Amino acid sequence: VPGDGGFTPPPAPPAPTPPAWEPPASAPPPGAMGQPAPTGPPQLVLPATERLRLAVSRRVTTDYVFSFWTAFGWTMLTCGIFGYYVVYKLFQRSGEHNARRIEVLDAATTAAWERAVAAGRGHELTPWFQSLGAQLDVLRRLTTEFRDPTIWTVLSIVAGGIAQIVGFVFLDQDLVAHEAAERSAEEQLAAILASLGTPVALPPAPAPKGAHNVGGRVLAVFGTCGLYALWWEYDVMVEANANYQVDWAREDALLQALGA
């Protein structure tokens, strides 16, 4: 769609865990153990499956899908100005997608834990959940990195192509870590649910994405007087697009298995 940076909305879906994941503990009743009873209105706590459904539904707004040629065309038409918007959206979608995936996997993990406890297998499966929680911690650490989209847009304006290249390196590193952690978490979660009699038909995922050869790409940028930076930007766009599309299919499988 002209004017939107090449955004293609993803298909609509059908129909915080602490470090070293610990099972949710039951809290004492209000006023017990010397605790004051809450004075405000009770807070609504959504069921884990409802949290999962809501997190999946948010992908329509968080998982921004680029069309490189549309973005390139608008960048040319605006004499490069639209390129700064592209930088902003690259960083924004990376952070928003990662945050949404944390909620998806955390909600699914909580739902699986509830089933394990109901089946009397909570103690037995606790090490499995702790291993799964370690992968969620990797995703949470990514939220603490220096990736503010506004700051990186300003850096691109001030420092030009150098800042953009550094940004491409960081975005690629984030995607490699993000993809490895989420795929491991999904497989472990599917194994846990299968052991509880809830098979998950996870679609096969492609081979893990390798990190870019930064040194070779930097040399190519200088060797082509900057033209290779366009190819680099293309890779950053389409590789994240591909990751999102795989995520959508596997999220739908979790939704179906957990009845969300």
Side-chain angles (χ1 to χ4, degrees), residues 1-11 59 62-98 100-101 138-139 142 145-183 204-250:
V1 179
D4 67 354
F7 173 68
T8 303
R59 69 191 184 197
T62 62
D63 295 6
Y64 190 96
V65 178
F66 273 101
S67 166
F68 171 79
W69 291 110
T70 302
F72 176 74
W74 279 106
T75 300
M76 296 296 291
L77 288 172
T78 58
C79 300
I81 295 176
F82 191 82
Y84 299 123
Y85 175 75
V86 170
V87 171
Y88 181 88
K89 291 304 294 183
L90 284 172
F91 278 93
Q92 183 190 50
R93 73 168 184 170
S94 176
E96 290 184 347
H97 172 78
N98 183 65
R100 187 185 67 81
R101 287 290 288 168
V138 174
L139 299 180
L142 289 176
E145 300 290 347
F146 177 59
R147 302 292 186 267
D148 183 87
T150 301
I151 294 177
W152 276 98
T153 303
V154 173
L155 288 174
S156 296
I157 295 172
V158 174
I162 295 177
Q164 292 187 20
I165 289 174
V166 174
F168 293 163
V169 173
F170 285 161
L171 289 170
D172 180 66
Q173 292 174 347
D174 289 352
L175 182 58
V176 170
H178 170 88
E179 186 175 74
E182 68 180 355
R183 294 293 169 259
K209 186 190 112 54
H212 292 166
N213 180 349
V214 176
R217 286 177 180 257
V218 169
L219 289 175
V221 169
F222 283 104
T224 59
C225 299
L227 290 177
Y228 186 80
L230 293 173
W231 185 272
W232 201 341
E233 183 178 68
Y234 171 85
D235 285 342
V236 171
M237 286 182 178
V238 300
E239 287 171 355
N241 289 352
N243 172 262
Y244 299 168
Q245 290 165 356
V246 173
D247 285 350
W248 301 337
R250 292 166 81 86

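Since this is a predicted model, take the numbers as computed values, not measurements.
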**Student:** Would you name the heavy atoms of G216 and N213 that are closest together and state the gap between them?
**Tutor:**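 Here G216 and N213 meet closest at N-OD1, 3.1 Å.
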**Student:** Any non-hydrogen side-chain atom of R101 less than 4.5 Å from a side-chain atom of D63?
**Tutor:**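 Contact flag for R101/D63 side chains = no.
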**Student:** Are V246 and E179 close enough that some pair of their side-chain heavy atoms sits under 4.5 Å apart?
**Tutor:**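 No, every pair of side-chain atoms sits at 4.5 Å or beyond.
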**Student:** Do Y88 and T150 have side chains that get closer than 4.5 Å, going by heavy atoms?
**Tutor:**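 Answer yes - side chains close enough.
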**Student:** Using every non-hydrogen atom in the two residues, find where A229 and V221 come nearest and quote the distance to one decimal.
**Tutor:**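 Minimum heavy-atom separation between A229 and V221: N-CG2, 3.9 Å.
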**Student:** So with a 6.0 Å cut-off around CZ of F146, is the heavy-atom count from everything else above 12?
**Tutor:**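 Yes, because the 6.0 Å sphere around CZ of F146 holds more than 12 heavy atoms from other groups.
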**Student:** To the nearest 0.5 Å, what is the distance between NE2 (H178) and CG (L142)?
**Tutor:**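 Output value for this atom pair is 8.0 Å.
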**Student:** How about L77 and F82: do any of their side-chain heavy atoms sit closer than 4.5 Å?
**Tutor:**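 In short, these two side chains do not touch, never coming nearer than 4.5 Å.
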**Student:** I need the full list of side chain to side chain donor-acceptor pair (under 3.5 Å) pairs touching residues 164-174, with sequence neighbours left out, sorted by first then second residue.
**Tutor:**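 Those involving residues 164-174 are R147-D174, D172-K209, D172-H212.
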**Student:** Step through the shown structure and confirm whether more than 12 heavy atoms of other residues, nucleotides or ligands are within 6.0 Å of CD1 on I162.
**Tutor:**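 Counting other residues, nucleotides and ligands, CD1 of I162 stays at 12 neighbours or fewer.
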**Student:** Between R59 and D247, does any side-chain N to carboxylate O distance fall below 4.0 Å?
**Tutor:**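 Salt bridge between R59 and D247, a charged N being under 4.0 Å from a carboxylate O: no.
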**Student:** Taking the six-membered ring for Trp, is the centroid-to-centroid distance between F68 and F66 below 6.0 Å?
**Tutor:**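 Not under 6.0 Å, so no.
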**Student:** Looking at every heavy atom in both V87 and S156, which two are closest together, and how far apart are they?
**Tutor:**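 That closest heavy-atom pairing would be CG1-OG, 3.5 Å.
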**Student:** For the CD1 atom of I81 and the OG1 atom of T78, what is their distance to the nearest 0.5 Å?
**Tutor:**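 One finds 5.5 Å between CD1 of I81 and OG1 of T78.
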**Student:** On a heavy-atom basis, which atom in T75 and which in G83 lie closest, and how many Å separate them?
**Tutor:**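 It is OG1-N, 3.6 Å.
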**Student:** Are any of the side-chain heavy atoms of V169 and W232 separated by less than 4.5 Å?
**Tutor:**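 The answer is yes; the side chains approach within 4.5 Å.
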**Student:** Just so I know, are the side chains of W152 and L90 near enough to count as touching, which here means a heavy-atom distance under 4.5 Å?
**Tutor:**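 When only atoms from C-beta onward are counted, L90 and W152 do not touch, as no gap falls below 4.5 Å.
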**Student:** Between W74 and Y85, is the gap from one ring center to the other below 6.0 Å?
**Tutor:**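 No; Y85 has its ring centre 6.0 Å or more from that of W74.
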**Student:** Which pairs, with at least one residue in residues 66-95 and sequence neighbours excluded, count as a salt bridge (charged side-chain N to carboxylate O under 4.0 Å, His left out)?
**Tutor:**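 Applying salt bridge (charged side-chain N to carboxylate O under 4.0 Å, His left out) to every pair that reaches into residues 66-95, excluding sequence neighbours, yields nothing.
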**Student:** Which atoms form the tightest heavy-atom contact between A177 and V138, and what is the distance?
**Tutor:**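 Closest approach of A177 to V138: O-CG1, 4.2 Å.
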